[in-house]
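Residue numbers run from 1 in the order of the sequence given.
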Amino acid sequence: MVMPSIFANEGSPLYDEFRTPEHVRAFMDLNLGPAKQPNLPEPECTDDILCLIDNNLYSMYRQMTVDTPEEFHGGKFCTAGKKYTGSLENGAHTAAHIWVGQNMGNLRTAARDPVFYSNHSNVDRMWHLRSTKLGQPDLPYQEWLDTSFVFYDEAKRPVRIRVQDVLDTSKLGYRFEEKKKLEWMQKRPKPSSEIKRPFIAQRSVTPASAFPVPLKKGQNEYVTVERPEKAQAGGGSSKKAPEVLVLDLTVDPCEYVKFDVLVNVPRGQEEKVGPKNSEYAGSFTHVPHGGGDGGRMMETQEVSYRLKLREIIEDLKCGRDKRLDFTIVPVAGQKTLVNSVRIDIL
């Protein structure tokens, strides 16, 4: 969880001077924990490397163990319609971009840093682990398998390659190192023992009619969401048809955005919950896509993000509840709008 030393060697072709200096030799924080802010507690793992590593493993568990291919990879990326990002993109991949910073911290310049390619090789490795160790299927869309891209070979000749041509790494002449034990597989979060229960649930502080809601640092948003009747009746959902929280967002493509989402946490007790806890549903993180030199890709971007709820509902023993209470904790970004919040069954 530390950048390999060769990337920090100024005599190496893998060195890039445009990185966040204090992060070059530091342990990476996959949760991108913030510095002290008015509405947030002191970062849980300040100067505690073992705590940081533990939280990273909990974050990896959340990212890797989603139930469906759509939750992992994201939805169909079409010209029209909303973009659904998946946990593969939004998890460790995005955290590495933001953590390394500067060139890596903006998609417009990220490929200038050699660590960009290692980061994306690790994305491939995580995809491989999900397919092999976890035995999970890939997206079932033939149009995705048939999607093609043009690259240039060593003789500078254009070559068209389809997605289905590169899914099996053995056919590409390489394999990933296999680890007998993946520590994050044993890191399913547990309910917080610090929260005072029982409590009177916070009810609809942000009603549906109030959306869109702008997110501002220092101001948590509280919203109560009805669960699907089918899930209530069954006391929860299944792996084949899991419950997910869906947030429809408008973001500024040129802005770094991060907010955390908590489940059934009473007001005033947010500091008792972190990545190791079931109540911590996860985070949405967005890497800037442009800006600088006067360039902008677009004024706004519509994005939807899903957070897994099936295991959280199991762990919090609220499978028969009609509704869940969510707390949205803004960490970074000043221009994000939450257009709607709902619970779906995939």
Side-chain angles (χ1 to χ4, degrees), residues 1-8 23 25-33 43-69 71-73 86-100 115 117-139 166-193 238-240 242 273-283 285 307-312 314-316:
M1 297 181 184
V2 178
M3 192 184 306
S5 59
I6 192 171
F7 288 96
H23 290 172
R25 300 182 186 276
F27 275 83
M28 184 177 295
D29 179 2
L30 294 184
N31 188 50
L32 296 172
E44 180 186 11
C45 296
T46 303
D47 299 324
D48 188 340
I49 298 302
L50 293 180
C51 171
L52 178 61
I53 292 173
D54 218 32
N55 275 353
N56 283 348
L57 295 175
Y58 284 112
S59 297
M60 284 299 300
Y61 178 92
R62 281 268 193 248
Q63 169 187 323
M64 296 294 293
T65 61
V66 292
D67 292 317
T68 67
E71 289 175 273
F72 187 65
H73 294 286
S87 65
L88 176 63
E89 176 183 353
N90 196 71
H93 157 261
T94 295
H97 274 279
I98 298 299
W99 180 260
V100 175
V115 82
Y117 302 95
S118 294
N119 185 34
H120 282 259
S121 293
N122 191 48
V123 169
D124 287 345
R125 186 183 69 88
M126 291 187 290
W127 184 353
H128 170 76
L129 288 173
R130 179 173 165 80
S131 300
T132 55
K133 287 281 189 181
L134 302 184
Q136 296 295 327
D138 277 323
L139 293 168
V166 294
L167 293 181
D168 185 349
T169 59
S170 65
K171 295 180 180 179
L172 302 176
Y174 71 92
R175 62 182 178 84
F176 292 103
E177 181 182 4
E178 299 290 344
K179 292 183 66 177
K180 291 183 178 180
K181 182 180 179 181
L182 296 169
E183 290 86 351
W184 52 262
M185 291 183 70
Q186 310 302 319
K187 288 293 184 178
R188 177 169 173 165
K190 298 178 180 179
S192 172
S193 60
S238 67
K239 286 186 176 182
K240 292 185 177 179
V273 172
K276 64 184 178 183
N277 300 123
S278 305
E279 294 89 349
Y280 188 94
S283 305
T285 312
L307 287 166
K308 60 182 286 187
L309 292 178
R310 183 183 61 80
E311 286 188 348
I312 293 174
E314 286 180 6
D315 294 343
L316 298 183

### Query
Which heavy atom of Leu182 sits nearest a heavy atom of Leu129, and at what distance?
CD1-CD2, 4.0 Å

### Query
Which atom pair, heavy atoms only, marks the closest approach of Gly274 to Tyr280?
O-CB, 3.0 Å

### Message
Distance alone, cut at 3.5 Å: any donor-acceptor contact between the side chains of Asn122 and Tyr117?
### Response
no

### Message
If the condition is side-chain hydrogen bond (donor to acceptor under 3.5 Å, both in side chains), which residues does Gln186 pass it with, not counting sequence neighbours?
### Response
none

## Note on the structure
Across all chains, not counting sequence neighbours, the salt bridge (Lys or Arg N to Asp or Glu O under 4.0 Å) partners of Lys179 are Glu183

### Message
If I compare all heavy atoms of Leu88 with all of His93, which pair ends up nearest, and what's the gap?
### Response
O-CB, 3.5 Å

### Query
How would you list, by chain and number, every residue that makes a salt bridge (Lys or Arg N to Asp or Glu O under 4.0 Å) with Glu314, sequence neighbours excluded?
Arg188, Arg310

### Pairwise distance CH2(Trp99) to CG(Asn119) - rounded to 0.5 angstrom
14.0 Å

### Query
Do Asp67 side-chain atoms and Ser238 backbone N/O form a donor-acceptor pair below 3.5 Å?
no

### Query
Could you walk me through whether Trp127 and Leu167 pass the side chain to side chain contact (heavy atoms under 4.5 Å, CB included) check?
CA-CA 10 Å; Trp127 184 353; Leu167 293 181; 3.7 Å; yes

### Query
If only atom types and distance count, is the side chain of Thr169 paired as donor or acceptor with the main-chain N or O of Leu172 below 3.5 Å?
no

### Query
For the atom pair CD1 (Ile53) and CG (Asp29), what is the distance rounded to the nearest 0.5 Å?
11.5 Å

### Step-by-step side chain to side chain donor-acceptor pair (under 3.5 Å) determination, Lys308 to Thr65
CA-CA 9 Å; Lys308 60 182 286 187; Thr65 61; 3.0 Å; yes

### Task
For His73, enumerate each residue passing the side-chain hydrogen bond (donor to acceptor under 3.5 Å, both in side chains) test, keeping only those at least two apart in sequence or located in another chain.
Asp138

### Query
Any chance CD1 of Ile6 has more than 12 other-residue heavy atoms, nucleotides or ligands included, within less than 6.0 Å?
no

### Task
Test side chain to side chain contact (heavy atoms under 4.5 Å, CB included) on Met126 and Met60 and set out the steps.
CA-CA 10 Å; Met126 291 187 290; Met60 284 299 300; 3.7 Å; yes

### Message
Looking at Thr94 and Glu89, would you say the former's side chain and the latter's main chain have a donor-acceptor pair under 3.5 Å?
### Response
yes

### Message
Once rounded to the nearest 0.5 Å, what's the spacing between atom CZ of Arg62 and atom OG of Ser283?
### Response
10.5 Å

### Task
Could you tell me whether a side-chain N or O of Asp315 sits under 3.5 Å from a main-chain N or O of Ile312, the two making a donor and an acceptor?
no

### Query
So how far is it from Ile98 CD1 to His23 NE2, rounded to the nearest 0.5 Å?
11.0 Å

### Message
Once side-chain hydrogen bond (donor to acceptor under 3.5 Å, both in side chains) is applied, do any residues pair with Tyr58, and if so which ones, sequence neighbours excluded?
### Response
none

#### Entry: Where Pro275 and Pro189 come nearest, the two heavy atoms and their spacing
O-CG, 3.7 Å

### Task
Could you pull out all residues at least two apart from His128 that satisfy ring pair (Phe, Tyr, Trp, His ring centres under 6.0 Å)?
Phe176

### Message
Just so I know, are the side chains of Pro242 and Leu309 near enough to count as touching, which here means a heavy-atom distance under 4.5 Å?
### Response
no

### Message
For the NZ atom on Lys190, are there more than 12 heavy atoms of other groups (residues, nucleotides or ligands in this structure) within a distance under 6.0 Å?
### Response
no

### Query
Got Asn55 and Asn31 here, is their nearest side-chain heavy-atom distance under 4.5 Å?
no

### Message
Can a donor-acceptor pair be found, under 3.5 Å and without considering hydrogens, that links the side chain of Gln63 to the backbone of Ala92?
### Response
yes

### Query
Under the side chain to side chain contact (heavy atoms under 4.5 Å, CB included) criterion, do Leu50 and Asp48 qualify, and how do the steps go?
CA-CA 6 Å; Leu50 293 180; Asp48 188 340; 3.9 Å; yes

### Query
Taking all atoms of both residues into account, what is the closest heavy-atom pair of Lys187 and Asp54, and its distance?
NZ-OD1, 2.6 Å

### Message
Nearest 0.5 Å, please: how far is CG in Leu316 from OG in Ser192?
### Response
10.0 Å

### Message
Set out, in order, the CA-CA distance, both residues' side-chain angles and the distance that settles side chain to side chain contact (heavy atoms under 4.5 Å, CB included) for Met28 and Val2, then state yes or no.
### Response
CA-CA 6 Å; Met28 184 177 295; Val2 178; over 6 Å; no

### Summary
For Met64 and Arg130, the nearest pair of non-hydrogen atoms, with its separation, is O-NH1, 3.1 Å

### Task
Determine yes or no for a side-chain-to-main-chain donor-acceptor pair under 3.5 angstrom, with Asn277 supplying the side chain and Glu279 the backbone.
no

### Task
Measure the spacing between OG of Ser131 and CD of Gln136 and express it to the nearest 0.5 Å.
8.5 Å

